[in-house]
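Note sheet for the following structure.
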Amino acid sequence: MNYWLVKSEPAVFSWERFVKEGKAVWDGVRNYQARNYMKNMCIDDLVLFYHSNTGKEIVGIAKVIKETYPDPTADNIKWVAVDLVPVSAFKKFVNIEQIKINIKLKDLLLIKQSRLSVMPLSEEHYRALCKMGL
DNA sequence: GCCAACGTTGGC
DNA sequence: GCCAACGTTGGC
């Protein structure tokens, strides 16, 4: 089991819409590092859903239901997509300020590499974030 | 709106 | 292969 965090601007694709639609095709990633992480996603891996730009907070947990396949929105087969479904919403959204002041989370890639849109989480980081949000 | 931190592109 | 110029992301 692996743990991940993905970012989405709520103005583009929000958690609310994700829940309403019941599923998301996670496509459009055009960054090699993010793509390489996506290729390592396995069915049933858990994924924290972060609202970037507006909100700047983790809003819920999703799950991988389909592993990488060619991104239907790309004109090159090198890009990939995965399918996600919502699992549960955070009771308390975990914003970036809270994350930054938590010493346990100081090595989180969300902080260290702010532009990365798909990133792995250690189990410890995953648990710490869930503890803050659930 | 600004800027830091990347990524990409293209000339050499 | 290097690097300047430019583009994008995302926090502030």
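Proteins get letters first, then strands, A, B, ... in listed order; numbering begins at 1 in each. These values consider heavy atoms only, across backbone and side chains, with no hydrogens, waters or symmetry-generated copies.
Closest approach of A:Val87 and A:Lys63 over heavy atoms only: CG2-CB, 3.4 Å.
Side-chain N or O atoms of A:Asp71 include one that pairs as donor or acceptor with a backbone N or O of A:Gly28 at under 3.5 Å. Here the side chain of A:Glu67 pairs a donor or acceptor atom with the backbone of A:Ile43 at under 3.5 angstrom. When atom types are taken as modelled, the side chain of A:His125 and the backbone of A:Lys104 share a donor-acceptor pair closer than 3.5 angstrom.
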Contacts under 3.5 Å, N or O only, protein and nucleotides 5-12 of chain C:
{"unit_1": "C:dT8", "atom_1": "O2", "unit_2": "A:Arg115", "atom_2": "NH2", "d": "3.0"}
{"unit_1": "C:dG11", "atom_1": "OP1", "unit_2": "A:Tyr50", "atom_2": "OH", "d": "2.8"}
{"unit_1": "C:dG11", "atom_1": "OP2", "unit_2": "A:Asn53", "atom_2": "N", "d": "2.9"}
{"unit_1": "C:dC12", "atom_1": "OP1", "unit_2": "A:Lys100", "atom_2": "NZ", "d": "2.3"}

Show every donor-acceptor pair shorter than 3.5 Å between a side-chain atom in residues 4-21 of chain A and any protein atom, with sequence neighbours excluded, or say none if there are none.
{"unit_1": "A:Trp4", "atom_1": "NE1", "unit_2": "A:Asp45", "atom_2": "OD2", "d": "3.0"}
{"unit_1": "A:Lys7", "atom_1": "NZ", "unit_2": "A:Ser114", "atom_2": "O", "d": "2.2"}
{"unit_1": "A:Lys7", "atom_1": "NZ", "unit_2": "A:Leu116", "atom_2": "O", "d": "3.1"}
{"unit_1": "A:Ser8", "atom_1": "OG", "unit_2": "A:Phe13", "atom_2": "O", "d": "2.6"}
{"unit_1": "A:Ser14", "atom_1": "OG", "unit_2": "A:Arg17", "atom_2": "N", "d": "3.1"}
{"unit_1": "A:Arg17", "atom_1": "NE", "unit_2": "A:Glu21", "atom_2": "OE2", "d": "2.8"}
{"unit_1": "A:Arg17", "atom_1": "NH1", "unit_2": "A:Val12", "atom_2": "O", "d": "3.2"}

